Amino acid sequence: MLKTIKFWLECSRWYALPMSIFSWFVVFSYALQNNGNALFGYIALIGICTAHLATNLLDDFCDFHSLEKNIDPNNNVILPNTQRGKCRYIIEKKVKLSEVLAVVGIYCLISLIVGLFFCFTVNKMVSVFMLIGAIIVLFYSFLSNVRLSEFLVGIAFGPLMFGGVYYVMTGKLTPDVFILSIPTMILTVNLLFTDTFLDKEIDKCEGKKTLVGLLKTNENILCFQKWLLILGYLSVLLIPIFDIADWEVFLTALTIPLAVDLYQSLILYGNDNTSVPQAKKWYHFPFEAWADIKANRSQPFMFRMYQARNLMIYFSIILGITIWFN
């Protein structure tokens, strides 16, 4: 049983769960400072994580159907225009497509049960958050192909998550919680933007329409990303301005070297998309399953994805802790 669960978590790209967990941690900390129900916060996290995993797995299912396929000399299916390792568990016939959909259904059922629990214990207004979340889970794959992926991720990891968690924990909403969501939302969007930049040529071959594709040149893309990171750090100013928390939140500036490091790494990728930074510093980690990545996946892609993800993790941890002990 545990082996099966581990397998499906890996297929569902569980390494992306810190996006959900640490965004949740920030609003959880704030809700506790406003007499929030901690148990309800933990239950909400279960629903958030299963919805996230469902989105990842359903995205793979849809991509496998839509991506160009070839047959190699050994009569195996390959996806010639994707990152190495994409949909590997499907290509290697470890699972059937019907099983993928079944697991997506299980994830969605768990999220639905969590949502219904809050509808009955908190307020039926929770159904509004559930509906928006369901739209994002079910239609993300389609909408991400029409330049809406950054917008959807911004909504999901910003006002939807922060508003929803705060509401089920405290039974009320306040504009402050949406302002609080802005910094981590931007850092999470930066993670997705990094993903689409790394996949720029692949998405172009597949005819996908992304924000990165709209910006066209690497210079424009990197300039946009630079300002995205700058706005992420500047938005922290809003927290003390609106008296949400005190000056300690500026400790998030300690992560600026990580942001600079990521930006420089992306410049290097823009010049040579096969390059992998050789010097691994302590703040690059965790780099889980790196041996498997070196053997079966794209190192240039995953190295920078881990950089962007870990930047978001460290930023959110510092922000959440400063709010917790505010």
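Computed from a predicted structure; not experimentally measured. Side-chain atoms are counted along with the backbone in the values below, which use heavy atoms only and exclude waters and symmetry mates.
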| Hey, would you say the Y166 and F28 ring centroids sit under 6.0 Å apart? | no
| field | Residues that F315 engages under ring pair (Phe, Tyr, Trp, His ring centres under 6.0 Å), provided they are two or more places apart | value |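 Partners of F315 under the ring pair (Phe, Tyr, Trp, His ring centres under 6.0 Å) test: Y233.
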| Listed by chain and number, what are the ring pair (Phe, Tyr, Trp, His ring centres under 6.0 Å) partners of F22, not counting sequence neighbours? | none
| request: Indicate if V249 and I318 have the same hydrophobic cluster label, given that clusters are the connected sets of ILVMFWY residues with side-chain heavy-atom separations under 4.5 angstrom. | output: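 No, V249 and I318 fall in different hydrophobic clusters.
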| query | Can you list the residues that meet the salt bridge (Lys or Arg N to Asp or Glu O under 4.0 Å) rule with E288, with sequence neighbours excluded? | reply | R309
| Pairing residues for E99 by the salt bridge (Lys or Arg N to Asp or Glu O under 4.0 Å) criterion, not counting sequence neighbours |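 Once residues adjacent in sequence are excluded, E99 has no partner under the salt bridge (Lys or Arg N to Asp or Glu O under 4.0 Å) criterion.
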| Evaluation steps, salt bridge (charged side-chain N to carboxylate O under 4.0 Å, His left out), between R304 and D195 | CA-CA 8 Å; R304 291 163 176 90; D195 185 352; over 6 Å; no
Could you tabulate the donor-acceptor pairs under 3.5 Å formed by side-chain atoms of residues 107-124, not counting sequence neighbours?
| residue | atom | partner | partner atom | Å |
| --- | --- | --- | --- | --- |
| Y107 | OH | S12 | OG | 2.9 |
| S111 | OG | G47 | O | 2.9 |
| S111 | OG | T50 | OG1 | 2.6 |
| S111 | OG | A51 | N | 3.1 |
| S111 | OG | Y107 | O | 3.4 |
| T121 | OG1 | F117 | O | 2.8 |
| N123 | OD1 | M125 | N | 2.8 |

| query | Using a side-chain heavy atom cutoff under 4.5 Å and only I, L, V, M, F, W and Y, what cluster partners does L2 have? | reply | none
Using a 3.5 Å cut-off and no angle test, enumerate the donor-acceptor pairs between side-chain atoms of residues 146-159 and protein atoms at least two apart in sequence or in another chain.
| residue | atom | partner | partner atom | Å |
| --- | --- | --- | --- | --- |
| R147 | NE | T210 | O | 3.1 |
| E150 | OE2 | T196 | OG1 | 3.4 |

Any side-chain hydrogen bond (donor to acceptor under 3.5 Å, both in side chains) involving [range]? Give me the pairs, sequence neighbours left out, ordered by first then second residue.
range	result
residues 18-38	S20-H52
residues 130-141	D59-S141
residues 167-179	none

| Partner of F224 under ring-ring contact (aromatic ring centres under 6.0 Å, His included), chosen from Y263, F197, F193 |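 Testing F224 for a ring-ring contact (aromatic ring centres under 6.0 Å, His included) against Y263, F197, F193 leaves exactly one candidate, F193.
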Output side-chain donor-acceptor pairs under 3.5 Å for residues 177-191, partner residues at least two apart or in another chain, one line each.
| residue | atom | partner | partner atom | Å |
| --- | --- | --- | --- | --- |
| S181 | OG | F178 | O | 2.6 |
| T184 | OG1 | S181 | O | 3.4 |
| T188 | OG1 | T184 | O | 2.8 |
| N190 | OD1 | Q225 | NE2 | 2.8 |

| Is the closest side-chain heavy-atom distance between N218 and Y269 below 4.5 Å? |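 Answer no - side chains too far apart.
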| Listed partners of N220 passing side-chain contact (heavy atoms from CB on, under 4.5 Å), at least two apart | L215, T217
